[in-house]
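Labels below follow one simple rule: chain letters A, B, ... track the order of the sequence lines, proteins then strands, and each chain is numbered from 1.
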Amino acid sequence: MNYWLFKSEPDAWSWQHQVDKGDAGEEWTGVRNYQARNFMRQMGLGDRGFFYHSQTDKAIVGTVEVIALSHPDSTTDDPRWDCVDIKALEAAKTPVTLETIKADPRLAGMVLVRNSRLSVQPVTEEEWRILCGMAGLTP
DNA sequence: GCCAACGTTGGC
DNA sequence: GCCAACGTTGGC
């Protein structure tokens with residue numbers, strides 16, 4: 001299994017929106033960046049990801065599961081853009097803020113720290129375990 | 001609200 | 001294929 005991080009502006013699509021979709025989940029639409037798209041193409045069914053709120057929260061607020069493989073993004077006719085479907089799994093008991101992440105040397109290599117603009121990104125298994133521990137999430 | 005970082009576009 | 005111009009993202 002692989003681990004990922006999905007970034008969203010809470011004003012546009014929040015964790016609560018995702019939770020409200022339940023097990024049916026929702027397409028992760030709107031990605032218009034090749035790197036992010038390519039990561040989504042690599043995702044497998046059952047892969048896990050963090051749900052990260054940018055801008056106001058700047059924190060990991062929960063976990064999600066990939067429930068549909070990469071397919072054309074229904075919000076555009078441009079054939080270049082694909083997306084996966086994800087469903088909410090578990091809310092973080094303690095959201096882990098960017099500030100906290102930056103303060104931990106074990107997490108200094110995270111894409112989130114090194115390239116703040118990439119909206120879909122890989123997370124290593126070690127980073128996954130560390131962050132789940134901090135957030136009170138089941139790894 | 002500003003600005004740095006970065007990605008994309010398009011002219012040459 | 002290069003690079004300048006431009007647009008967008010996201011942290012602060």
*Asks:* Name the closest nucleotide to the A:K102 side chain, picking from B:dT8, C:dG10, C:dC12.
*Replies:* C:dC12
*Asks:* Phosphate oxygens OP1/OP2 of B:dC6: is one of them under 4.0 Å from a side-chain N or O of A:Y34?
*Replies:*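 The answer is no; no side-chain N or O of A:Y34 sits under 4.0 Å from OP1 or OP2.
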*Asks:* How many Å lie between CG on A:N38 and P on B:dG7, as a whole number?
*Replies:*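 Computing the A:N38:CG to B:dG7:P distance gives 13 Å.
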*Asks:* So, do A:W4 and A:D47 sit near enough that their side-chain heavy atoms are less than 4.5 Å apart?
*Replies:* yes
*Asks:* As a test of reading the structure: which of B:dG7, B:dT8, C:dG11 is closest to the side chain of A:L98, going by heavy atoms?
*Replies:* C:dG11
*Asks:* Touch check for A:L118, heavy atoms < 4.0 angstrom, all strands: base, sugar-phosphate only, or nothing?
*Replies:* nothing
*Asks:* Given the structure, check if the side chain of A:R117 and the base of C:dT8 hold any donor-acceptor pair shorter than 3.5 Å.
*Replies:* yes
*Asks:* Specify the separation, in whole Å, of atom CG of A:D11 and atom C1' of C:dG10.
*Replies:* 13 Å
*Asks:* If you check the A:N33 side chain, which of C:dC12, B:dC6, B:dT8 turns out closest?
*Replies:*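 Nearest nucleotide to the side chain: B:dT8.
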*Asks:* To the nearest Å, give me how far apart CG (A:N115) and C1' (C:dG10) are.
*Replies:* 11 Å
*Asks:* Taking the six-membered ring for Trp, are A:F51 and A:H53 parallel (under 30°), tilted (30 to 60°) or perpendicular (over 60°)?
*Replies:* perpendicular
*Asks:* Without decimals, in angstroms, what is the distance between A:R114 CZ and C:dG11 C1'?
*Replies:* 17 Å
*Asks:* Specify the separation, in whole Å, of atom CD of A:Q55 and atom P of C:dT8.
*Replies:*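 A:Q55 atom CD is separated from C:dT8 atom P by 14 Å.
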*Asks:* Would you mind reading off the distance between A:K7 atom NZ and C:dT8 atom P, rounded to a whole angstrom?
*Replies:* 17 Å
*Asks:* Is the CD atom of A:Q16 crowded by more than 12 outside heavy atoms at less than 6.0 Å?
*Replies:*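 Buried by this count: over 12 neighbours within 6.0 Å.
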*Asks:* In plain terms, say whether A:K87 and A:D23 are close enough for a salt bridge, that is, a side-chain N and a carboxylate O under 4.0 Å apart.
*Replies:* yes
